[in-house]
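The structure under discussion appears below in the form of structure tokens.
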Amino acid sequence: MKGIEYTGLELVDGPIVVVKRTPDSFYDEVVYVRDKNGEKKTGRIIDINEETAVVQIFGSTTGLDLDGTTVEFLDRPMELRVGRGLLGRIFNGLGEPIDGYPDIISSKKVNVNGNPINPYARVYPRDFIQTGISSIDGMNTLIRGQKLPIFSGNGLPHNRLAAQIIRQAKLKDSDEEFVMVFAGMGIKYDVAQFFQHTFEESGVLSKVVMFQSLADAPSIERIITPRCALTAAEYLAFECNMHVLVVMTDMTNYCEALREISTTRGEVPGRKGYPGYLYSNLAELYERAGKIQGSTGSITQIPILTMPNDDISHPIPDLTGYITEGQIVLDREMSQKGMYPPVSGLPSLSRLMKDGIGEGMTREDHSAVSSQLFASYSKVKSIRNLAAIIGEEELSDLDKKYLKFGTELEEKFFCQGEYEDRTIEQTLDLGWEILSILPRDELYRIKDELIEKYLPKKEEAVFETQEV
């Protein structure tokens, strides 16, 4: 019962303590554990049976003994205090302020586990978000309410890319409020400082809510961090009618913590030791994105995960790809060449792109240009493989034009400055400029009227200049 303290523990094993359960105990209930000196530690019930409850402590269990420790069951799940005061604040993984300021002023607390969204209440995502990054806006467009993860690898600039998206993301031709929620799970101190300083310097910190669970924090805290972040996002989106962009890094650290806790509980492991419920657990987080009827707000998610050994078939990216609507894949070879952002053109995909681009949303030629860039770049890859065998000088004139097209696409379209913010019009015009390298009859995915309207007429321009 709430307010009653029970004395004594059954077992202490690392961050786990086993206590006698009360009749009203339940899974995910918050528990206070006090040592013999009265020092309070917070924990959460992660397993329960008829006689005992298994509690994972947020922090160290040093100083806890079996006889002198008291336990208080709070009769509530983990909760987050929410309000408009969240904006501009920095919290730890449990939602406690770490920026030197007190708790936000609000009497409203919300269960961090969230409530399932009725599928019938969901509104289909259709609105374009402009990130200012050509490789995303032009070919893998982010749509408001979408879940679009970034698949990266150790040492690749995914953090710089995420910070750039947060700085530059905006709703095209709209003055609606757009805010960001950042969740860092198991991140190093320098990474946390990088994001904080980036937001402060660019002046967007007042529109950002940050949750940081550093690498030295307990594993159980990494499980709570994205739930706190998404709870804050749901409040801002569905009660304050804001458009929220949620960036979560690193989902691999989250899954590693999940595996560690699963092993501690003695559960039967699945692929590569991860629990069999990894898919449904990730879905609990990813499916908290979207738009719902009755609210003008939305939640758009960009989860970031580092693929172990750059293996896209690893369980974490594999299952994430099933749940989300596409992926942005970063390429190590492009990064080693000094290209930024190293977005790989062919494996990257946005499944909702077709519904948020075109006339009235971006521009009438967007779909055709994107499709042609994909098709032509795909041909570049096969020509490069051929050139590696027979030599570039043996290629046909058309193949050489494709090689030039591929180089220009990578160096001018995919690459851009870390603080370069391109409009969608600039991105599409750049795409047309690069497509003009190819013969007109190779632009088979674009209608003639669009080619007439947008394709640069370089030869005609030179002729007119000579006449003048």
Side-chain angles (χ1 to χ4, degrees), residues 86-87 114 117-150 161-183 204 207-209 226 229-248 285-304 320 323-328 343 348-364 366-367 370 421-425 427-428:
L86 288 168
L87 292 173
I117 299 176
N118 184 342
Y120 185 75
R122 287 185 179 272
V123 178
Y124 194 83
R126 291 189 183 279
D127 303 317
F128 166 70
I129 293 178
Q130 181 173 290
T131 66
I133 301 168
S134 291
S135 53
I136 296 177
D137 292 350
M139 300 175 69
N140 306 284
T141 309
L142 179 63
I143 304 300
R144 190 164 63 184
Q146 184 177 7
K147 309 176 284 290
L148 188 64
I150 296 176
L161 179 59
Q164 184 174 2
I165 291 173
I166 292 178
R167 282 196 308 269
Q168 297 179 179
K170 61 180 71 71
L171 301 172
K172 188 174 184 294
D173 302 327
S174 172
D175 57 358
E176 294 175 285
E177 210 165 354
F178 197 39
V179 298
M180 294 81 176
V181 174
F182 172 82
V204 301
K207 299 191 299 179
V208 178
V209 188
L230 290 166
T231 300
E234 286 172 344
Y235 173 80
L236 294 172
F238 304 139
E239 296 196 33
C240 300
N241 293 315
M242 299 181 187
H243 296 292
V244 186
L245 176 64
V246 182
V247 174
M248 301 188 293
L285 302 180
Y286 296 146
E287 292 298 338
R288 292 175 73 171
K291 300 171 66 179
I292 61 173
Q293 295 175 7
S295 172
T296 57
S298 64
I299 298 178
T300 306
Q301 278 188 23
I302 301 183
I304 300 172
T320 295
I323 303 166
T324 55
E325 294 112 8
Q327 67 273 337
I328 304 295
V343 175
S348 300
L349 168 71
S350 172
R351 294 190 183 96
L352 298 185
M353 174 177 173
K354 64 184 186 302
D355 300 307
I357 63 175
E359 192 171 3
M361 292 177 282
T362 53
R363 207 167 73 180
E364 59 177 337
H366 191 164
S367 178
S370 172
D421 188 358
R422 297 175 182 169
T423 65
I424 186 61
E425 290 79 15
T427 291
L428 293 175

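Positions are given from 1 along the sequence. FYI, side chains are in, hydrogens and waters are out, and symmetry mates aren't considered; it's all heavy atoms of this structure.
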Side-chain touch Glu287/Ile117, heavy atoms, less than 4.5 angstrom: no
Least distance between heavy atoms, Pro226 atom then Ala183 atom: CA-CB, 4.5 Å
Main-chain N/O of Ile424 paired to Gln130 side chain as donor or acceptor, under 3.5 Å: yes
Interatomic distance, Thr296 atom OG1 to Phe238 atom CZ [nearest 0.5 angstrom]: 10.5 Å
Heavy-atom pair with the smallest gap, counting every atom of Leu148 and Gly326: CD1-C, 3.8 Å
Side-chain heavy atoms of Val343 within contact of Ile133, under 4.5 Å: no
Student check: side-chain heavy atoms of Leu87 and Leu236 closer than 4.5 Å: yes
Rounded distance (nearest 0.5 Å) linking atom OG1 of Thr324 with atom CD1 of Ile150: 11.5 Å
Gap between atom OH of Tyr235 and atom CE of Met242 - 0.5 Å precision: 8.0 Å
Side-chain heavy atoms of Thr320 within contact of Gln327, under 4.5 Å: no
Main-chain N/O of Leu285 paired with Gln301 side-chain donor or acceptor, under 3.5 Å: yes
Side-chain touch Val246/Thr300, heavy atoms, less than 4.5 angstrom: no
Partners passing side chain to side chain donor-acceptor pair (under 3.5 Å) against Tyr120 (at least two apart in sequence or in another chain): none
Distance in Å, Ile165 CD1 paired with Ile136 CD1, rounded so as to fall on 0.5 Å steps: 4.0 Å
Derivation and outcome, side chain to side chain contact (heavy atoms under 4.5 Å, CB included), residues Met248 and Leu230: CA-CA 10 Å; Met248 301 188 293; Leu230 290 166; 4.3 Å; yes
From CE (Met361) to OG (Ser367), nearest 0.5 Å: 10.0 Å
Closest non-hydrogen atom pair, Ala289 against Lys147: CB-CG, 3.6 Å
Partners passing side chain to side chain donor-acceptor pair (under 3.5 Å) against Glu234 (at least two apart in sequence or in another chain): Arg288
Side-chain donor-acceptor contacts of residues 137-145 below 3.5 Å, not counting sequence neighbours, with atom names and distances?
{"from": "Asp137", "atom 1": "OD1", "to": "Thr131", "atom 2": "N", "distance (Å)": "3.1"}
{"from": "Asp137", "atom 1": "OD1", "to": "Thr131", "atom 2": "OG1", "distance (Å)": "2.8"}
{"from": "Asp137", "atom 1": "OD2", "to": "Thr131", "atom 2": "N", "distance (Å)": "3.3"}
{"from": "Asp137", "atom 1": "OD2", "to": "Gly132", "atom 2": "N", "distance (Å)": "2.9"}
{"from": "Asn140", "atom 1": "OD1", "to": "Leu349", "atom 2": "N", "distance (Å)": "3.2"}
{"from": "Asn140", "atom 1": "ND2", "to": "Ser135", "atom 2": "O", "distance (Å)": "2.9"}
{"from": "Thr141", "atom 1": "OG1", "to": "Asp137", "atom 2": "O", "distance (Å)": "2.8"}
{"from": "Arg144", "atom 1": "NE", "to": "Asp127", "atom 2": "OD2", "distance (Å)": "3.2"}
{"from": "Arg144", "atom 1": "NH1", "to": "Glu176", "atom 2": "OE1", "distance (Å)": "3.3"}
{"from": "Arg144", "atom 1": "NH1", "to": "His243", "atom 2": "NE2", "distance (Å)": "3.2"}
{"from": "Arg144", "atom 1": "NH2", "to": "Asp127", "atom 2": "OD2", "distance (Å)": "2.3"}

Shortest non-hydrogen separation from Ala237 to Ile299 and the atoms involved: CB-CG1, 3.6 Å
Taking every non-hydrogen atom, the tightest pair across Ile129 and Phe178: CD1-CZ, 4.1 Å
Over all atoms of both residues, closest heavy-atom pair of Thr427 and Arg422: OG1-CB, 3.9 Å
Result of checking Lys170, Gln164, Arg167 against Asp421 for side-chain hydrogen bond (donor to acceptor under 3.5 Å, both in side chains): Lys170
